[in-house]
Structures are given as structure tokens and as C-alpha cells.
S.K.: 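Have a look at this one.
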Amino acid sequence: MAKILRANEMSKCLGCFACMQFCACVNKKNHSLQKSAIRIKAPGGISDRFVAVVCQGCSEPPCAEVCPSNALTPRKGGGVNQDPKKCIGCRRCENACMGHAITYDMEEHKPIICDHCGICANFCPHGCLNMQEVPD
Amino acid sequence: MIYKDYIRVLNVDMASERIYIDERQDLMPYLGGVGVAAKLLEENMRADLPPLAPEQPIVFAIGAMETVYPVITKVVAMFISPLTGELGESYAGGRMGMTMFQAGFDAIVITGRAVRPTYLAITDTDVVFRDSRVFWGTGSGEVGRHIREYEQDQGSKLSIIRIGEAGENLVRFACVSVDRYRHFGRLGLGAVFGSKQLKAISLDGNRSMPIQNYAPYFKVMRELYKKATESGLMSKYHDLGTPVNVEPLSAIGALPTLNLQSGTYEHADKISGEEFASAHLVRKLACVGCPVGCIHIGSYRRTFAEHGYEYESVEVGYDYELIFSLGSYLGIDNTRDVLELIEEVEVCGMDAMSTGVALGWATEALEKGLVGLDDTLVDLKFGQSQAYRKAVRYMSGAENEFYRNLGYGVKHASSVYGGEDFAMHIAGNEMAGYHTGYAAIAGAAVGARHSHLCNGGYSIDQGLKDPDIDIDDMANAILEEEVERNLYNSLIMCLFARKIYDRDTVIRALSAIGQELTDEDLSAITKRIYATKLRIKKALNFDLSEVRLPKRFFETPSMHGKLDEARTYEIIERYKEMIAEMEAFT
């Protein structure tokens with residue numbers, strides 16, 4: 001069974017940003033939170049509720065549908081696989097994602113794509129992020 | 001700067017609205033944080049001018065390991081304190097450290113006075129001076145919302161630090177609020193902001209920072225994360241948080257109560273950590289990079305109209321120090337009233353500890369007839385929270401001569417009206433919430449900034465089996481901790497994490513981000529930083545022999561019983577001898 005990331009307990013979020021730090025660290029080898037595929041936001045500032053903006057794991061991912069070069073392809077269980085070598089940096093995926101989960105890495109000229117690796121959930125200290133088993 | 005051999009300093013002149021950036025290799029021997037800030041303060045301060053002169057600098061610095069390891073979350077601010085007239089040093093967490101780190105500035109030095117109220121918008125690509133006339137007079141929460149809107153922050157990670165009315169009115173213990181729930185609380189940084197017409201600073205940064213040695217870095221990072229979350233060393237800070245101390249401290253006679261007429265509060269159980277958690281706790285928050293989450297938010301319901309069932313829900317951050325100063329110290333015996341007072345102080349933007357201690361003194365001064373109702377405007381009485389709420393406003397608004405004087409701190413106010421014996425300050429800084437013994441009082445007196453956190457004297461006291469230890473040993477214990485904390489504060493770790501970061505861990509963590517330092521190097525750095533502070537204090541004419549402590553410290557029994565006044569001064573004198581040669585260390 002495949003697993004996908006679910007930000008399903010966000011009311012417990014402390015706003016520590018460990019998920020972002022570890023995602024950027026492990027996946028992009030970078031200290032910058034900008035490199036993270038998951039983003040924690042509090043639209044009204046810190047006194048507001050935190051939300052996780054991250055890949056929702058669509059079974060029919062619009063980002064892959066608009067990708068002209070097959071850099072993004074549907075992943076087993078939901079979401080997409082990314083082949084950076086095939087990416088031409090057109091940024092169509094960014095607009096196609098209704099969840100605003102894709103950001104663009106201005107340095108690499110590639111979108112930052114969550115591959116549901118589970119690092120963020122692993123290092124979430126308060127159980128806000130969880131990996132869920134889904135049928136392939 | 002991480003992976004570089006220099007410290008990157010942003011210099012800002014408010015008067016000319018010009019900036020320049022320095023890359024300072026010569027600051028590397030100061031490591032970062034308090035070391036860098038102390039050196040920059042020493043270079044930029046004007047000992048010949050008053051603390052609120054336009055020329056005086058505000059220095060912010062992040063530490064050598066800022067944000068890249070767990071619980072390394074703090075920013076240091078250094079300045080000349082308008083409260084004590086000498087070394088000012090204060091710490092805050094929130095998002096500020098992370099945003100400075102990602103903006104690529106290790107330190108920021110702000111000098112000059114703006115021609116009109118201004119806020120600074122700092123990012124990695126620009127520094128903008130924004131007209132803030134419209135925000136002058138707004139509370140510290142309100143101005144944050146406006147700035148967030150103006151900077152078009154999508155709620156991701158903007159940090160906003162700002163002052164309230166008290167800072168604008170130059171109340172000498174006005175604070176600077178950071179991201180609503182954190183503060184540069186002590187020693188009046190808010191007044192220094194006000195004196196520069198600097199209402200706020202917004203900070204954001206998006207610099208890419210590639211990890212240079214991934215494998216060793218991640219190994220240490222993961223190990224420290226596990227220590228912080230699984231070892232149990234920090235769970236008390238997350239569970240009930242610092243208010244867990246209210247009842248135990250009262251039980252041992254160390255909880256300052258009713259302007260330190262007592263060390264035990266008969267209603268401690270009604271304002272305990274458990275009581276706050278069960279009646280009010282609705283949320284916990286963390287500074288960026290801290291998986292512990294010690295920030296406790298309490299909620300209460302308030303009516304804003306007498307008729308028509310008009311209510312609002314108010315959320316306030318609470319901690320031990322606020323519960324002591326605005327609770328037991330003023331005889332407030334219920335959690336709701338304590339929260340309401342905290343909220344009032346928060347909106348005005350004052351240091352909660354100094355505010356509570358000032359109100360405690362004012363209450364007794366009124367009771368003893370040193371001041372009258374025409375001074376205090378409200379009948380200040382222990383336990384009467386509504387009168388205190390009004391007094392907080394009067395203080396922050398500098399309502400009349402009495403409140404202006406009170407806004408200079410209790411040392412000053414008692415020099416005008418009398419009552420020095422129960423004006424509970426140490427070298428001009430209002431006391432903290434620990435009447436534990438000699439180390440707490442002498443420690444704050446000799447501490448570079450007269451804070452309980454300079455050397456944690458209260459903790460030394462609590463660790464003592466025999467309170468009558470040798471004066472040399474006591475002075476030594478204080479000095480050792482005072483010097484060692486310069487290491488924590490140059491990294492800059494939250495002091496709650498000090499048990500996680502022993503020397504060996506710090507050496508390995510620094511090595512994994514490219515800083516190879518030995519144990520001896522670290523010792524030299526701590527001494528170098530302390531020497532810098534001592535030189536600053538000397539230049540500002542501070543002399544330990546001139547410190548005079550209020551009599552009440554020696555009348556009200558501490559957790560170790562009644563303290564001997566002469567003995568306390570002996571410890572201070574002994575300490576003075578010990579540090580006599582230290583300022584020359586380079």
C-alpha cells in the first residue's frame with residue numbers, strides 16, 4: 001500500500017516550522033524554509049489558526065495534466081512523481097494546483113513538489129501531520 | 001555568517017534614511033549573538049550622552065547557530081538602558097531570529113532619530129523606511145495587523161516587532177513586542193524605539209542557504225531534535241509551562257507577594273499553573289525552530305457593553321513571571337483578573353515585571369501616605385485589579401507627574417516620594433519573581449544587566465543544601481555561571497535548552513556547520529564577551545560598590561530564611577574583586 005501525507009490535525013500546530021526545516025534540509029539540502037514543499041501559514045498572523053499548505057495527493061492531479069513535458073506524472077496512491085531532468089520550468093503546474101501547494105524555486109528554475117516522503121510527519125512534534133495508507 | 005568567515009552587519013541611520021552593510025571578519029572572535037552585539041554596542045554607543053539621545057544605538061544580533069538547530073531561537077538586543085542608565089541586554093524569540101537569518105543579516109545596528117514616526121521594512125533585498133504617522137498611538141497588537149496587511153504577508157513567516165503607547169511615551173521600562181506573544185521585555189528597549197520615532201520593524205527573508213556538509217549536519221540535527229522532544233528534559237516547559245512554578249515557589253517561601261511583604265502567597269493555589277491550564281489554556285505555540293512549544297495562551301471572556309449580551313473572547317500569553325508580578329505581587333487571587341492585567345500591560349507595551357513591581361510600590365506608598373489619591377488617581381489596594389488596570393493605562397500614558405515618575409522605575413519614583421526601603425529593584429531594575437536567597441539578590445546586583453537570567457542566582461540558591469556557604473564559593477558560583485551564559489547567548493539558544501547543549505554538543509554542532517572551535521576557544525570567547533560587557537559598564541560609570549539594596553530584601557524571610565544584609569554586600573564586594581582584572585581580557 002502506498003502512503004500519502006495528511007495534514008489532518010492542524011488544530012494542534014505549535015507553529016514551530018520543524019516540518020519546513022526538515023523538508024528543506026532532507027530534500028533540498030538547504031537551510032532556507034523557502035525550499036520546503038510544505039508551508040505552514042497563519043493568514044492573520046500568529047494569533048490566527050495555522051494551516052498547512054501542501055500537496056493534497058490528488059488521484060487525478062491537475063498539475064500532471066498540464067505538464068507539457070511529462071516531468072510530473074501521477075503517483076501510485078495520489079500526488080505526483082517529479083523527474084526534474086524533464087522539467088522545462090514553464091510553471092504551468094503552479095497555476096493548475098487549486099490548493100496553491102506548488103511553489104517555484106527561483107534558483108533551480110523548477111517547481112518544488114512534495115513527494116510524500118513523510119519526513120515532515122516524522123519530525124512533527126505535536127502529531128499534526130500523519131502518513132496515511134491508501135490503496136495503490 | 002553561517003559558512004562564512006565574517007559577520008554581516010546591517011547599519012541603519014534613521015535620520016538620513018541611509019543604510020550600509022559591513023562584512024566584519026574582526027568580529028568572528030566574538031562568535032555571534034551577545035558577543036557580536038556587545039562589541040557593536042561598545043563601538044557605537046556614546047557614553048557622554050543620555051540613553052535616549054538620537055545617537056545611541058540599538059543593536060540586534062542572531063547567534064552562530066541561529067535556527068539551524070532545535071531551540072536555537074533567540075535574538076539579542078543591546079542598548080543603553082534608559083531604566084538603569086547602563087548596559088541594556090534583552091532576548092526575544094518568535095520568528096525574528098529565523099527571518100534575520102534568512103535575510104542574511106547577523107546583526108543590525110540602528111542609530112539616529114527619524115524625522116517622523118517610521119517603521120522599517122527589512123528583507124534580504126531591501127530596507128524601506130515607511131511613514132508610520134498613522135500608526136503612532138496604536139496598540140502593539142493593532143499595529144502588527146496593519147503592517148502585515150501593508151507588507152502583503154500571506155501569513156507565512158513575516159516577523160513584526162513593535163512598540164505600544166508606553167514606548168512612544170518613553171516609559172523607561174517599555175518593551176518591544178515580537179510577533180504578539182514574545183518580548184524584548186526588560187530594561188526599556190521600547191523607550192529607545194520611541195526616542196527614535198521607530199514604531200516597528202518588519203523582517204522577512206528568502207535567501208537560499210545550501211547545507212555544506214549534509215551528512216554530519218543532519219546527524220547532529222536529528223540527535224538534538226530527539227533530545228529536545230524525547231528526553232523529557234524539556235517536557236515541563238510544554239506541559240503546564242513556567243507557571244508550574246507558582247505553587248512550589250510559594251510553598252518554599254520564594255514567591256514575592258504583596259510587594260515582597262511575604263514570600264508565601266495564601267492564594268497561590270488559585271493562580272497556579274494547574275488553575276490557568278484548567279480554566280483558560282486554549283493553545284500552545286512555539287518559536288520557529290523549537291519543537292517544545294512553551295508559549296501558553298489563555299482565553300477569557302470579556303463584556304464590552306453593559307446591556308445586550310456583548311462579549312468578546314480575549315487570548316493572552318501567560319508565563320510564571322507575569323503571574324508573579326501581576327498576580328501574587330499585587331495580591332490578585334484569581335486567574336481571570338491576572339489575565340486581564342497581563343492583556344492591559346501587553347496592549348500598552350510595558351515590561352510586565354517592572355510594571356507589577358512599580359504598582360506594588362505605589363500601593364504601599366499610597367497606604368503609607370507618601371503619595372495621595374490626587375497622585376495615583378485611583379485607590380490602589382492589593383487585590384483590586386480594576387484599579388490596577390487603570391493605573392497601567394495612566395503609567396503608559398504618562399497621565400500626570402506621579403505616573404511619569406513611576407514610569408522611570410521604582411528606584412527613581414522612591415527617590416522622589418520616599419519609600420526606598422520597599423522599592424524592590426536591584427541596581428535600578430525591578431526584581432524578578434524569586435526571593436530564594438543570597439545568590440538571587442547578589443546575582444542580580446553583580447549580573448551585567450541586573451536580570452535574574454544573567455547568572456541564574458535563583459537557581460544556585462535552590463540547588464544549595466547549606467545556604468551559609470562560604471562567601472568566596474558563592475561569588476565563584478555566580479561568576480562561573482555569568483561567564484558561561486555568554487556561550488549560550490552567543491549561539492543563541494533558549495535558556496530552557498541549556499541541559500541539552502553541553503560543551504561537547506556545542507563543539508560538535510558548530511563543527512557540523514563549519515566552525516571548528518575547541519573547548520579552550522569557547523572558554524576564551526565567553527571571557528572575551530564578558531570583558532566587553534565590563535568595559536561598557538565601566539564607560540557608563542557603573543560601580544558595584546554603589547549598589548544599594550532595599551531593606552525589605554532582608555526583612556522578609558526568603559526560602560533560606562532571613563538574609564543578612566552585610567553578608568549580601570560582602571558577596572558583591574568579593575565578586576567585584578574577582579572581576580577586577582577581567583575587563584582587560586581580549
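Note: hydrogens, waters and symmetry copies are ignored here, and every other heavy atom, side chains too, is used. So you know, we letter chains A, B, ... as the sequences are listed, proteins then strands, and number each from 1. For clarity, every value in this text was computed on a predicted model and none was experimentally measured.
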S.K.: Measuring from B:Arg207:CZ to A:Asn30:CG, what's the distance to the nearest 0.5 Å?
M.R.: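 So the CZ of B:Arg207 and the CG of A:Asn30 are separated by 12.0 Å.
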S.K.: Sub-4.5 Å heavy-atom contacts with chain B: which residues of residues 103-129 of chain A show up?
M.R.: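 Result: A:Glu107, A:Phe123, A:Cys124, A:Pro125, A:His126.
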S.K.: Report, by ascending residue number, the residues of residues 20-29 of chain A in heavy-atom contact with chain B at a distance under 4.5 Å; give 'none' if the set is empty.
M.R.: A:Gln21, A:Phe22, A:Cys25, A:Val26, A:Lys29
S.K.: May I have all residue pairs that pass side-chain hydrogen bond (donor to acceptor under 3.5 Å, both in side chains) and include part of residues 76-92 of chain A, sequence neighbours excluded?
M.R.: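 Of all non-adjacent pairs touching residues 76-92 of chain A, those that pass side-chain hydrogen bond (donor to acceptor under 3.5 Å, both in side chains) are A:Arg91-A:Glu94.
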S.K.: Counting heavy-atom pairs under 4.5 Å to chain A, which of B:Glu315, B:Lys284, B:Arg283 comes out on top?
M.R.: B:Arg283
S.K.: I need the B:Met98 CE to A:Ser32 OG distance, nearest 0.5 Å.
M.R.: 9.5 Å
S.K.: Counting only heavy atoms not in A:Lys3, do more than 12 fall under 6.0 Å of its NZ?
M.R.: no
S.K.: Could you tell me which of B:Pro70, B:Ser208, B:Pro291, B:Gly144 has the largest number of non-hydrogen atom pairs under 4.5 Å with chain A?
M.R.: B:Ser208
S.K.: So B:Lys157 and A:Gln34, do their side chains get closer than 4.5 Å, heavy atoms only?
M.R.: yes
S.K.: Let me know if B:Ile295 has heavy atoms under 4.5 Å from chain A in its side chain, its backbone, both or neither.
M.R.: neither
S.K.: Mind running side-chain contact (heavy atoms from CB on, under 4.5 Å) on A:Phe17 and B:Thr67 for me, showing each step along the way?
M.R.: CA-CA 10 Å; A:Phe17 295 3; B:Thr67 300; over 6 Å; no
S.K.: Rounded to the nearest 0.5 Å, what separation is found between the CZ atom of B:Arg145 and the CG atom of A:Asp48?
M.R.: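 Rounded to the nearest 0.5 Å, the CZ-CG separation comes out at 10.5 Å.
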S.K.: Any idea which of A:Ala18, A:Cys13, A:Ser47 has the most non-hydrogen atom pairs under 4.5 angstrom with chain B?
M.R.: A:Ser47
S.K.: Surrounding CD of A:Glu9 (heavy atoms of other residues, nucleotides or ligands, distance under 6.0 Å), is the total greater than 12?
M.R.: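 Yes, CD of A:Glu9 has more than 12 neighbouring heavy atoms, counting only those of other groups under 6.0 Å.
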S.K.: Counting a contact as any heavy-atom pair under 4.5 Å apart, which residues of residues 52-70 of chain A contact chain B?
M.R.: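 Residues of residues 52-70 of chain A touching chain B at under 4.5 Å: none.
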S.K.: Which heavy atom of B:Val292 sits nearest a heavy atom of A:Leu14, and at what distance?
M.R.: O-CD1, 4.0 Å
S.K.: Under 6.0 Å from the CE atom of A:Met1, do we count more than 12 heavy atoms belonging to anything else shown?
M.R.: yes
